[in-house]
Structure formats: structure tokens, C-alpha cells
Amino acid sequence: LDTNPALWTPVASSLRSRHAANHDHIVSHGDEASNLWLVISGWIKLTRQTPDGKESVVGLCTGGDVFGEAALFAHANYPYTAEVVGSDAE
């Protein structure tokens, strides 16, 4: 993650910071995809539920990772649930 403030200037007015605690859900599978997320710190677990009801981990994100790419497409929904794991995240 490049923390050079000049690189963020063009999009600064669109950025929001969110602090989340362990086990907080950031997005849920099927929610309208309205935000692209950049992880600053902590860990985010991306999961889907299998047809038999089990949880399947489809990704782990940490500082510098992006998730929620579905938000880049019109009328899209998140294909997974994103949950904070281990410690707080931003």
C-alpha cells in the first residue's frame, strides 16, 4: 500500500474510513454491491456458504488488499460475506 498522500488526492473526496471490530460483518453475501473496500489494517475473511450450509473461505485480505470489486458493475451484488477476523480492522 502506497501511503503517499499525493496519490490519493484525485479520489480523496470519495474516500471514507471505517473501523470494525473482530467478527463484524462488512458486507453480506447478496447485498447490493455499492462500495469498493481497501483494507488499511487487520484481516478480512471472505466466505460463501455451500449448498449444504457449510462455510467456505474464498479469500483473506489484509493491509493493501482490495475487495468488493462487484461494486464496479451496475446492479451487482456481493458474491461473498466479508467478516473481520483476529483483531480490529480499518
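Numbers here are sequence positions counted from 1. No experiment lies behind these values; they were computed from the predicted model shown.
For S28, the side chain to side chain contact (heavy atoms under 4.5 Å, CB included) test picks out H25, D31, T81, with sequence neighbours left out. In this structure, the side chain to side chain contact (heavy atoms under 4.5 Å, CB included) partners of A82, at least two apart in sequence or on a different chain, are I26, V27, I44, L46, F67. In this structure, the side chain to side chain contact (heavy atoms under 4.5 Å, CB included) partners of E90, at least two apart in sequence or on a different chain, are S17, I40, S41. A74 is linked by a side chain to side chain contact (heavy atoms under 4.5 Å, CB included) to nothing, counting only residues two or more places apart in sequence or in another chain. Remark: H23 engages E83 in a side chain to side chain donor-acceptor pair (under 3.5 Å) (not counting sequence neighbours).
The two residues A71 and S34 come nearest to each other via the heavy atoms CB-C, 4.0 Å. Between P79 and A70, the closest heavy-atom pair is CD-CB, 4.2 Å. For A89 against V84, the heavy-atom pair with the smallest separation is CB-CG1, 3.9 Å.
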I would like to know whether H29 and R48 meet side chain to side chain contact (heavy atoms under 4.5 Å, CB included); could you show each step before the answer?
CA-CA 7 Å; H29 181 243; R48 294 191 74 174; 3.5 Å; yes
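Rounding to the nearest 0.5 angstrom, the gap separating the CD atom in E32 from the OH atom in Y78 is 8.5 Å. Atom CG of D88 is separated from atom CH2 of W43 by 15.5 Å, given to the nearest 0.5 angstrom.
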Taking only distance into account, with no hydrogens and no angle test, what donor-acceptor pairs under 3.5 Å do side-chain atoms of residues 54-62 form with protein atoms, sequence neighbours excluded?
unit_1	atom_1	unit_2	atom_2	d
E55	OE1	K45	NZ	3.2
T62	OG1	G42	O	2.9

